[in-house]
Amino acid sequence: MKRGKRRGKARGSGTLAADFTRGMVATGLLTAVQDRWVTGAEPPAPRTILRHGLQGGAALAAASVAADALRNRDYARLALAVTAGAAGVVMIEHLLNPAEEPPQERPKHEDPHG
């Protein structure tokens, strides 16, 4: 009986970091290699590989927590995991893929048609 408890506890420790790492490596590799042999395709920028990798890691870690919470019928934890995962993906997108510079303002006397 103790052996099962101990094994379960050891399995639970560090798995979130392991899941994040698995997701990060898998998604980063997919981004780096996908469409590589398509004619005229350029390799993705290192920043894109990093962004997609981090987002994949955050998504997989959140999904693992959500699946565990669902199995245990802990719906508050499930909602928190999904919310935190979505927030992490959006935050990474915002930090590593900044919006383009805003368009130059038109002079006030010019109408939208020129």
Side-chain angles (χ1 to χ4, degrees):
M1 188 75 158
K2 283 185 176 182
R3 180 177 273 183
K5 285 183 180 180
R6 195 177 313 142
R7 191 179 305 152
K9 190 173 183 181
R11 170 83 175 116
S13 63
T15 58
L16 190 60
D19 289 340
F20 177 85
T21 304
R22 286 182 186 108
M24 186 177 86
V25 170
T27 309
L29 287 172
L30 284 171
T31 300
V33 180
Q34 220 165 23
D35 296 331
R36 198 59 178 252
W37 291 272
V38 174
T39 305
E42 293 183 26
R47 187 179 190 123
T48 301
I49 296 170
L50 175 65
R51 177 171 44 95
H52 287 178
L54 291 173
Q55 287 174 323
L60 183 60
S64 297
V65 172
D68 185 50
L70 184 61
R71 186 177 63 245
N72 294 325
R73 296 183 180 165
D74 186 351
Y75 301 114
R77 187 171 172 228
L78 170 66
L80 182 62
V82 171
T83 303
V89 169
V90 169
M91 181 185 70
I92 293 165
E93 182 72 18
H94 179 71
L95 292 174
L96 294 178
N97 192 23
E100 293 181 24
E101 301 222 356
Q104 298 294 326
E105 288 187 28
R106 288 186 224 123
K108 293 188 183 210
H109 65 278
E110 190 175 313
D111 69 1
H113 301 290

Out of N97, L54, L50, which residue meets the side-chain contact (heavy atoms from CB on, under 4.5 Å) rule with I92?
L54

Are L30 and H52 side-chain neighbours, meaning at least one heavy-atom pair lies under 4.5 Å?
no

Give the cluster check for Y75 versus V82: same hydrophobic cluster or not, with ILVMFWY residues linked at side-chain heavy-atom distances below 4.5 Å.
yes

So, for G85 and A62, which heavy atoms are closest and what is the spacing to 0.1 Å?
CA-CB, 3.5 Å

Considering all heavy atoms of both residues, which atom of L60 and which atom of D19 are nearest to each other, and what is their separation?
CD2-O, 3.2 Å

According to salt bridge (charged side-chain N to carboxylate O under 4.0 Å, His left out), does anything in residues 38-63 pair up with another residue at least two apart or in another chain? List the pairs.
R51-E93

Do M24 and V90 sit in one hydrophobic cluster, given that two such residues count as connected whenever their side-chain heavy atoms are within less than 4.5 Å of each other, even indirectly?
no

CD1-OG1 distance between I49 and T27, expressed to the nearest 0.5 angstrom:
12.0 Å

Taking all non-hydrogen atoms of both residues, which atom of V89 and which atom of A58 are closest, and how far apart?
CG2-CB, 4.4 Å

